[in-house]
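Below is one structure, written out as structure tokens; comments come after it.
Computed from a predicted structure; not experimentally measured.
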Amino acid sequence: MYRHEGISSYWKGIMPPILAETPKRAIKFLVFEQTKPLFQFGSPTPTPLTFSLAGLTAGTLEAIAVNPFEVVKVAQQADRQKKMLSTFAVAKGIIQRDGLGFSGLNKGITATMGRNGVFNMVYFGFYHSVKNVVPEYKESHLEFLRKVAIGFLAGTLACFVNIPFDVAKSRIQGPQPVPGQIKYRGTFSSMGIVYREEGFRALYKGLVPKIMRLGPGGAILLLVFEYSYDYLLHNYS
């Protein structure tokens with residue numbers, strides 16, 4: 001990439017995530033917190049199933065909001081030209097060519113829903129369940145490290161479980177092998193094509209960089225949320 005497209009190619013598609021991350025996280029935690037009571041099923045306290053189902057709901061709904069940004073991001077990252085088009089130019093081109101529907105700006109939405117839903121189901125389910133089992137430390141720095149470790153493991157495990165959906169999403173939203181012919185359409189049919197033509201391991205392509213991003217990211221996200229939430233609750237409730 002550096003030789004053919006220059007160093008700026010490492011940052012292709014950076015604007016859509018920047019635009020999407022704040023509303024995405026807001027939706028995630030709002031839906032998660034608001035749906036937890038619905039999934040307690042009469043239990044006085046949340047159970048591991050509560051956290052998992054609330055996470056699944058949160059991830060599925062956030063995916064609907066961010067999918068158009070994902071389509072634009074993938075289009076930008078798949079473009080191998082040295083001269084980069086702006087995010088708005090790429091989005092405008094997609095809308096003019098393919099529209100706003102499931103062939104255009106909302107292409108691959110079911111794969112995105114599967115990816116985000118499964119990730120958050122495992123992520124929240126593992127983090128909160130394990131955090132409640134592993135004893136807390138009285139020392140603040142050790143307690144901080146305990147939460148970092150659990151958050152990192154939660155993000156890593158979620159990557160292992162959801163990456164087949166991510167691969168399918170990339171195939172659906174990215175350039176098709178033969179221009180003008182749609183090879184990858186549905187989520188599970190795309191997984192099946194990848195498995196038959198490239199083998200089981202192909203469903204885990206990109207796992208290492210995904211873990212490098214979402215392992216630490218998973219720890220940081222939940223820690224920032226928890227400490228910010230506790231601060232606001234303590235000072236403004």
* Structure fact -> Closest non-hydrogen contact found for Ala111 with Ala168 is CB-C, 4.5 Å
* Kindly determine whether Met191 and Phe165 satisfy side chain to side chain contact (heavy atoms under 4.5 Å, CB included), including the steps that lead there. => CA-CA 8 Å; Met191 289 184 192; Phe165 288 94; 3.5 Å; yes
* To do: Return yes when atom CZ of Phe88 has more than 12 non-hydrogen atoms of other residues, nucleotides or ligands closer than 6.0 Å, and no otherwise.
  => no
* Heavy-atom distance under 4.5 Å between the side chains of Arg171 and Ile193, does that happen here? -> no
* SB check Glu143 Lys138 (cutoff 4.0 Å) -> no
* For the atom pair CD1 (Ile109) and CG (Asn67), what is the distance rounded to the nearest 0.5 Å? -> 5.0 Å
* With the side chain counted from C-beta on, respond yes when Thr87 and Phe69 share a heavy-atom pair under 4.5 Å apart, and no when they do not. => no
* To do: Give the intermediate values and the outcome of side chain to side chain contact (heavy atoms under 4.5 Å, CB included) for residues Gln176 and Gln181.
  => CA-CA 7 Å; Gln176 299 295 307; Gln181 296 182 19; over 6 Å; no
* Considering only NZ, NE, NH1 and NH2 on the basic side and carboxylate oxygens on the acidic side, decide whether Glu136 and Lys131 come within less than 4.0 Å. => no
* To do: Test side chain to side chain contact (heavy atoms under 4.5 Å, CB included) on Phe124 and Leu56 and set out the steps.
  => CA-CA 9 Å; Phe124 282 111; Leu56 175 64; over 6 Å; no
* Asked: How long is the span from the CG atom in Leu61 to the CG atom in Asn120, to the nearest 0.5 Å?
  -> 10.5 Å
* Return yes when atom CE of Met1 has more than 12 non-hydrogen atoms of other residues, nucleotides or ligands closer than 6.0 Å, and no otherwise. => yes
* **Short N-O contact, Lys210 and Asp166, less than 4.0 angstrom** => yes
* Asked: Does any non-hydrogen side-chain atom of Thr112 lie less than 4.5 Å from one of Gln173?
  -> yes
* Would Phe51 and Phe126 count as a side chain to side chain contact (heavy atoms under 4.5 Å, CB included) if you check the C-alpha gap in whole Å, the side-chain angles of each, and the deciding distance to 0.1 Å? -> CA-CA 8 Å; Phe51 298 125; Phe126 182 90; over 6 Å; no
* To do: Would you mind reporting whether Arg97 and Ile94 have side-chain heavy atoms less than 4.5 Å apart?
  => yes
* Phe102 side chain reached by Arg185 side chain, heavy atoms, under 4.5 Å -> no
* Asked: For the residue pair Phe225 and Tyr229, does the interplanar ring angle fall in the parallel (under 30°), tilted (30 to 60°) or perpendicular (over 60°) class?
  -> parallel
* Asked: Looking at side-chain heavy atoms only, is the closest gap between Phe119 and Leu214 below 4.5 Å?
  -> yes
* Asked: Between Phe144 and Leu223, is any pair of side-chain heavy atoms under 4.5 Å apart?
  -> yes
* Asked: Taking the six-membered ring for Trp, are the ring centroids of Tyr123 and His128 within less than 6.0 Å of each other?
  -> no
* Do Thr57 and Thr35 get their side chains close enough for a donor-acceptor pair, meaning under 3.5 Å? -> no
* Please name the residue in the list Leu207, Leu203, Val118 that meets the side chain to side chain contact (heavy atoms under 4.5 Å, CB included) test with Ile163. => Leu207
* **Identified side-chain hydrogen bond (donor to acceptor under 3.5 Å, both in side chains) partner of Asn116 from the options Lys169, Glu62, Lys28** => Glu62
